[in-house]
Amino acid sequence: MNKPYRLACLVTHPIQYQAPMFRYLAADPALSLTVFFLTDLTAGPHYDPGFRTQIEWDTPLGGYSHRFLAKIDKCDRKQRLSFWRPSVHGLWRLMASGRFDALWVHGYGHHGLLRAILYARANRVPVLLRGDSRFGPPTPRTPNHQLKHLLLPRLFGFVDAFLAIGSANRDYYRHYGVSEDRIFMTPYAVDNDFFTAGAEAASRRREAFRAELALTPGRPVILYAGKLQRLKRVNDLLEACAGLAHLRPYLLIAGDGGERDALQARARALRFDSARWPGFQNQTRMPAFYDLCDLLVLPSDNEAWGLVLNEVMNAGKPVIASDRVGAARDLIREGINGHIVPASDVAALRDAIASVLANPARAARMGDASRKIVSKWNFQAGRAGLLDALEQLPSIRQRRFAYLHMTYQP
């Protein structure tokens with residue numbers, strides 16, 4: 001196309017990870033991007049039930065053309081984002097306006113997202129879908145799971161192209177019947193420059209920061225960063241660290257959530273007094289933690305992606321994740337920049353941590369490998385996949401029309 005693609009992007013709410021990507025894409029002359037948010041829930045101070053605290057992101061969430069379709073009273077903690085809330089109006093007018101060449105939808109976990117897909121289809125606006133669902137365990141045979149197998153292939157039939165964030169996400173679409181020619185890789189990335197520069201700046205006062213956290217010099221530091229929820233399995237990490245007395249590691253738990261009290265009680269029961277609990281940390285604070293740590297561990301039982309791996313790898317650190325973390329397959333090279341361990345296997349987790357911390361020179365090489373790997377997992381690669389999908393839309397739609405005509409002709 002000689003003129004920019006007029007692209008509408010529909011997202012539930014402003015997300016701190018996505019804003020830099022939208023700013024990057026909005027600056028591209030090949031795109032005319034407008035982002036529509038179903039709600040302004042996270043645009044200012046708000047209560048985050050996952051972190052169990054009031055937060056306000058300290059990095060800019062704007063800087064590109066956007067509009068809110070609904071507003072939530074952030075003083076009312078019951079006004080949380082759910083499948084039915086908030087109520088959203090104007091989606092039909094948006095899709096029928098003729099203003100856009102395509103609709104890019106983030107996920108399908110809200111009725112507004114589903115309606116937008118159907119309305120775009122009715123108005124012959126091509127639909128691109130990007131989500132973070134992954135293929136792999138756990139896969140419980142519940143009524144909801146069976147319902148997904150019934151409904152998702154039908155829903156995906158209304159979508160023209162899929163923007164896969166990684167290998168497990170691509171396999172998810174394949175599992176539900178999406179053909180390879182409709183899937184385009186758009187790697188899930190963070191603002192690599194922000195985290196690299198932040199870690200480099202933090203390194204100049206690393207020892208001062210260590211002293212602020214009351215960490216004795218010379219002892220290794222293991223970092224967990226994220227919400228304290230049962231499915232994150234931070235209790236496994238506590239037990240693994242408690243069994244590494246010979247290495248005397250500190251465990252920094254940068255996060256908060258409903259499991260905090262139980263985890264602190266577990267640490268006392270294990271007589272592990274080297275855990276530190278600095279609580280929720282905002283975006284501009286995280287690079288200092290990434291610079292300080294020797295290793296980051298993400299032991300989750302079910303993690304769609306795990307962008308904390310992207311972030312810490314920009315600081316040049318080794319990483320360990322469970323095999324139920326979506327990013328693990330793409331970002332971790334076994335023994336090169338970290339390890340992938342079976343979820344809930346404390347012994348395997350302990351051994352993996354020990355193998356990294358026992359050899360500082362090898363750990364440094366692993367950190368260098370992390371930085372090289374994540375440097376290719378960037379917004380430029382996402383832009384390339386998005387533009388490829390947009391360019392292929394006419395041929396995709398032509399093939400699908402020909403297939404349907406052949407299938408249903410009398």
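Quick note: residue numbers are just sequence positions, from 1.
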Is the shortest side-chain heavy-atom distance between [X] and [Y] below 4.5 Å?
X	Y	answer
L38	L10	yes
V312	F289	no
Y5	L387	yes

On a heavy-atom basis, the closest approach of L94 and F100 is CD1-CE1, 4.0 Å
Which pair of heavy atoms, one from R248 and one from P220, lies closest together, and at what distance?
-> O-CD, 3.9 Å
Proximity of Y64 and Y24 rings by center, below 6.0 Å | no
H175/H149 aromatic ring centres below 6.0 Å | yes
Geometric class of the Y173/F156 ring pair [parallel <30°, tilted 30-60°, perpendicular >60°] | perpendicular
Over 60° means perpendicular and under 30° means parallel, so classify the ring planes of F83 and H110, tilted if in between.
-> tilted
The salt bridge (charged side-chain N to carboxylate O under 4.0 Å, His left out) partner of D181 among R399, R174, R397 is R399
Please confirm whether the backbone N or O of [Y] pairs with a side-chain atom of [X], one donor and one acceptor, at under 3.5 Å?
X	Y	answer
S300	V325	no
R115	V88	yes
R260	W277	yes

State plainly whether the residues D368 and R371 are in salt-bridge range, i.e. N to O under 4.0 Å.
-> yes
Determine, for D101 against K3, whether the closest basic-nitrogen to carboxylate-oxygen distance falls under 4.0 angstrom.
-> no
Could you tell me if [Y] and [X] have a donor-acceptor pair between their side chains, going purely by distance under 3.5 Å?
X	Y	value
R99	T34	no
W305	N310	yes
R130	N169	no
D291	S203	no
Y250	T216	yes

Pairs flagged by side-chain hydrogen bond (donor to acceptor under 3.5 Å, both in side chains) wherever residues 221-236 is involved - sequence neighbours left out = K232-E303, R233-D236
Evaluate the ring pair (Phe, Tyr, Trp, His ring centres under 6.0 Å) criterion for residues Y17 and Y188: first the C-alpha distance (whole Å), next the side-chain angles of each, then the deciding distance (0.1 Å), finally the verdict.
-> CA-CA 10 Å; Y17 297 117; Y188 212 0; 7.5 Å; no
Show me, pair by pair, the donor-acceptor contacts under 3.5 angstrom made by side chains of residues 278-285, not counting sequence neighbours?
{"unit_1": "Q281", "atom_1": "OE1", "unit_2": "R285", "atom_2": "NE", "d": "3.2"}
{"unit_1": "Q281", "atom_1": "NE2", "unit_2": "P278", "atom_2": "O", "d": "3.0"}
{"unit_1": "Q281", "atom_1": "NE2", "unit_2": "G279", "atom_2": "O", "d": "3.2"}
{"unit_1": "N282", "atom_1": "OD1", "unit_2": "D58", "atom_2": "N", "d": "3.2"}
{"unit_1": "N282", "atom_1": "ND2", "unit_2": "E56", "atom_2": "O", "d": "2.7"}
{"unit_1": "T284", "atom_1": "OG1", "unit_2": "D58", "atom_2": "OD2", "d": "2.4"}

